[in-house]
Amino acid sequence: MSNNENDKQVKVLVLGSGPAGLSAALYAARAELAPVVLTGMQLGGQAALTHLIENYPGFPEGVGGPQLGELFQKQAEHFGAKVEFDMAHEVDLSQRPYKVTTDSGEYSAETLIITTGANPVHLNIPGEEKLTGRGVSYCATCDGWFFKDKKVAVVGGGDSAFEEALFITRYASSVTLIHRRDEFRAGAILQKRAKDHPKMNFILNTVVTEIVGDDKLTKLKLKNVNTNEESAFETDGLFIFIGHTPNTQMFAGKLEMSDLGYVIVNDKMETSVPGVYAAGEVADPHFRQVITSAGMGAAAAIQATRYLEGEENVPEGGAVHS
Ligand code: NAP
């Protein structure tokens, strides 16, 4: 089908290796489609950066994010999926087989399952970029350890901010959660745990306006949004958890997307291009759970399988976009 003999030709190419990608791979592998998964930057996706996942069924005591990712991978590989440490840069969806250019070369894929996930939103304030990795972080599991017995601030009022702030209390001497309102989006259980925690403090109705430091973060400039009063807050670390943006830049103008940049899928995980599916956080601004992403990935693979089977049964043409 390909006109370039150096292409790696696959029936199902999965972009991304989080819960959605590896679940899609498991289902496509069990359908004997020998899927290839391109891991992207982070094997296991964002879930692998989560210290403990307590709401994935089957693990009553919780399971480590990296451990769950490894189990997903093992299970997919057991049935014949191939997981490649490779990164896609460009896609050509103008004709099938779809072309995907990666670090290692080019793939020709009869179907594509996009599970490229989402990335943390930045505050976009002075000092943030310069001090990232020097006190500013977006990943508690990755960097929490560096703040042993140090003072840490966290920005955000959702589940992520609370969950990660609580995680950082293992290391830090104190964790101050700074939120722009006086109400939180985080669930009641997390809120209670945080409010009851002796190391946790709260600064409400307040935004961070600048992150200050030369080689490393030393203090934050804060502003109370009600009174406009400005203040300084000395801290060794700042963790920012204010939401995510989907990794869809590669598909701009090629797939239908929402105003927020999420790939639009129907209830069968079909995108606007036949044979191209999307699953997990790249297509889900609402739930962002391991279980929902895994479910979407499975659905995408089932639908890709039906699509390919339908084509095999149609001798002419190929308008089998069921
Ligand atoms: P989120 O629920 O969208 O919360 C983002 C928080 O950041 C909000 O409190 C928001 O403030 C604040 N924020 C946004 N932009 C800001 C800015 N520029 N400056 C200061 N604050 C800003 O995001 P999330 O916590 O990442 O969670 C996303 C989804 O994943 C949710 O559906 C959540 O339930 C789910 N999730 C679930 C779990 C779990 O079940 N254990 C764990 C993590 C995430 P406002 O409140 O004022 O808008």
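Both counts, for ligands and for their atoms, begin at 1 and track the order of listing. Starting from 1, each residue takes its place in the sequence as its number.
- The shell of residues lying under 4.0 angstrom from ligand 1, judged by heavy atoms, includes Gln289.
- For the pair Lys151 and Phe233, the cation-pi test (distance below 6.0 Å, angle within 45°) is passed.
- Residue contact annotation: His179 has a non-hydrogen atom under 4.0 Å from ligand 1.
- Protein heavy atom closest to atom 34 (O) of ligand 1, with residue, atom name and distance, is Asp159 OD2, 2.5 Å.
- Taking the ring centroids of Phe184 and His179, they lie under the 6.0 Å cut-off.
- Counting only N and O atoms by type, the side chains of His244 and Gln46 include a donor and acceptor under 3.5 Å apart.
- Using a 4.0 Å cutoff on heavy atoms, Val207 does not count as a contact of ligand 1.
- Closest to atom 1 (P) of ligand 1, if we only count protein heavy atoms, is Arg185 CD, 4.2 Å.
- The contact set between ligand 1 and His286, taken as ligand atoms under 4.0 Å from a residue heavy atom, comprises 32 (O).
- Looking only at heavy atoms of the protein, atom 9 (O) of ligand 1 is closest to Gly157 N, 3.0 Å.
- Close contacts of ligand 1 with Glu163, meaning ligand atoms under 4.0 Å from a residue heavy atom, involve 39 (C), 41 (N), 42 (C).
- Between Ser104 and Lys8, the side chains place a donor N or O and an acceptor N or O closer than 3.5 Å (distance only, hydrogens not considered).
- A salt bridge links Glu84 with Lys82: the distance from a Lys NZ or Arg NE/NH1/NH2 to an Asp or Glu carboxylate oxygen falls below 4.0 Å.
- In terms of protein heavy-atom proximity, atom 47 (O) of ligand 1 is nearest to Arg181 NE, 2.7 Å.
- Among all non-hydrogen protein atoms, the one lying nearest atom 28 (C) of ligand 1 is Arg288 NH1, 2.8 Å.
- With ligand atoms numbered from 1 in the order given, ligand 1 contributes 39 (C), 40 (O), 41 (N) to contacts under 4.0 Å with heavy atoms of Asn55.
- Between Asn205 and Asn224, the side chains place no donor N or O within less than 3.5 Å of an acceptor N or O (distance only, hydrogens not considered).
- Classification of Glu229 and Lys221 as a salt-bridged pair fails, no side-chain N sitting under 4.0 Å from a carboxylate O.
- A distance of 6.0 Å or more separates the ring centres of Phe241 and Phe162.
- Closest to atom 44 (C) of ligand 1 among all protein heavy atoms lies Ser160 OG, 3.5 Å.
- Salt bridge present: Arg96 and Glu311 bring a charged side-chain N and a carboxylate O closer than 4.0 Å.
- Between Arg288 and Asp159, no side-chain nitrogen of the basic residue sits less than 4.0 Å from a carboxylate oxygen of the acidic one, so the salt-bridge criterion is not met.
- Looking only at heavy atoms of the protein, atom 23 (O) of ligand 1 is closest to Gly243 CA, 3.8 Å.
- For a threshold of 3.5 Å applied to N or O pairs, the pair formed by Gly156 and ligand 1 contains no separation below that value.
- Less than 4.0 angstrom separates atom 16 (C) of ligand 1 from at least one non-hydrogen atom of the protein.
- Atom 22 (C) of ligand 1 has as its closest protein heavy atom Ile242 CG2, 3.4 Å.
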